[in-house]
There are 2 protein chains.
Amino acid sequence: MRRTVAKRRMGPPDAATPAALMDATEAVMREEGYAAVTSRRVAERAGINQQTVYYYFQTMDDLLLAAYRRRTQRVLDRVQQALSAARPLHSFWHTSSDPMDAALTMEYLALANHNDLIRLETIEFGERLRRLEVDKLAERIRQASPDPQVVSPFAVIMAITYVAHLLGFEATLGLRGGHRETRVLVEWCLRQIEPAGARAKTMPERTSQIQG
Amino acid sequence: MRRTVAKRRMGPPDAATPAALMDATEAVMREEGYAAVTSRRVAERAGINQQTVYYYFQTMDDLLLAAYRRRTQRVLDRVQQALSAARPLHSFWHTSSDPMDAALTMEYLALANHNDLIRLETIEFGERLRRLEVDKLAERIRQASPDPQVVSPFAVIMAITYVAHLLGFEATLGLRGGHRETRVLVEWCLRQIEPAGARAKTMPERTSQIQG
DNA sequence: GTCTATACACCGATAGAC
DNA sequence: GTCTATCGGTGTATAGAC
């Protein structure tokens, strides 16, 4: 892609059209893949003409990055909300294993492999997300762990996240075998850590912030 | 993509050039993504000119599918070999969590969402692979399970596979936090099912080989 | 079997009118 | 703020010479 140095006229990023363009970007990406996210197709979706895209975004990469940032922020908000529920671990699991937009996640994951902007943004997002999860869930997991050296909060959270995500990917593709069994297993594990009527044992509110 | 009805001259699929074209297809996809797999770029990689690609493959879709089929067959062979080792579950884990070609897997996963040929092939491959894994590992997992209704062989195999794959994806992208801890957890689980010096309880040697 | 020449479509991006 | 016009580049695919 061409590196432009922006001598062009530009519109305000808070208008209605930029948002419509980001919506269109997501729609095209979900339905036709990242390769189909072109100025022409996105514009058509948003009901404006191709050249007007460049009034709001310097390059297609800028539009892509803006749409991606909007999305990661929404995921962060969603997870944060889940982690504030009565049973945060169960709530987190249900949120993560909801296959909403799994197709979009796959596209961005593949895209991150060869688009530097998206890759850096993905790394930063991933680290922020995991920090948030560990902050909220570590203490409870540690209390329920038979051996925190082996069954560590970090590992439990990652395993849950991974299983949730790949269940979503497979379901989107049309693979459903074994999903019920896998959910039964995960939910059994969750109940060991976070029983139905229980509350976490009293602990100082500030959990350890240490992390690589 | 255009649907062609093949009135063109075509070369033999067992020659050296088709294999070189499939190699080139994988290389381009790994390094630049599925969108970059064009006749021009693949040909350049393989050291031939653009138009010669069409002497061996009717369309770019045909080349893509051929490369994908070759790859899934190799994965099947690799997994089958791992499952024949002394500690099949551990061996399976090590093979699956080796991030070789995780980038390629991500590309095909995203591609499967909007390319019908790749999606159908992926579903068939996924089902075959899982059948193979369950056939080889179910009995041993069932023996070690505290409650096969909850900790079912199917679920254990899927959880292991999912964690292995996403560890590979993250490592490829540059996310490494928590991976060590996650491996410790998984390997602890594996030891519960398949202890170091142990053999599976006596069972008829011929496990069910039923497979599509 | 591999080459040159060529068709036609689509893409990113710019210039400038209204 | 959105339009028309337009450039240079790249894509799939075909025809036919060597």
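Letters go in sequence order (proteins before strands), and every chain restarts at 1. Below, all heavy atoms of this structure are taken into account, side chains as well, without hydrogens, waters or symmetry copies.
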Note: for A:Y56 and A:Q51 on DNA chain D, the residue whose nearest nucleotide lies more 5' is A:Y56

Identify which one of A:Q81, A:Q73, A:R74 satisfies the side-chain hydrogen bond (donor to acceptor under 3.5 Å, both in side chains) criterion when paired with A:D77. A:Q73

Rounded interatomic separation in angstrom, taking CG from B:L21 and C1' from C:dT2: 12 Å

Can you tell me how far P of D:dA13 sits from OH of B:Y55, to the nearest Å? 18 Å

Between C:dG1 and B:T17, is there an OP1 or OP2 to side-chain N/O distance shorter than 4.0 Å? no

Checking side-chain polar atoms at under 3.5 Å, does A:T172 have a donor or acceptor matched by the opposite partner on B:R119? no

With a non-hydrogen cut-off below 4.0 angstrom, is A:P12 in contact with a base, only sugar-phosphate, or nothing? sugar-phosphate

Rounded to the Å, how far apart are A:N49 CG and C:dC18 C1'? 13 Å

Protein-nucleotide distance (B:Q50, atom CD; D:dT14, atom P), rounded to Å: 11 Å

What are the two closest non-hydrogen atoms of A:Q58 and A:Y54, and how far apart are they? O-CD2, 3.6 Å

Hey, can you pull the residues of residues 23-48 of chain A with a non-hydrogen atom under 4.0 angstrom from DNA chain D? none

Would you please indicate yes or no on a ring centroid separation below 6.0 angstrom for A:F169 and B:H165? no

Over all atoms of both residues, closest heavy-atom pair of B:L132 and B:V79: CD2-CG1, 4.1 Å

Is the phosphate of C:dA13, meaning OP1 or OP2, less than 4.0 Å from a side-chain N or O of A:Y54? yes

Any salt bridge linking A:R41 with A:E31? Criterion: basic side-chain nitrogen under 4.0 Å from a carboxylate oxygen. no

Separation of D:dT12 atom C1' from B:F57 atom CZ, nearest Å, is 16 Å

How long is the line joining CE of B:M60 and P of D:dT10, in whole Å? 16 Å

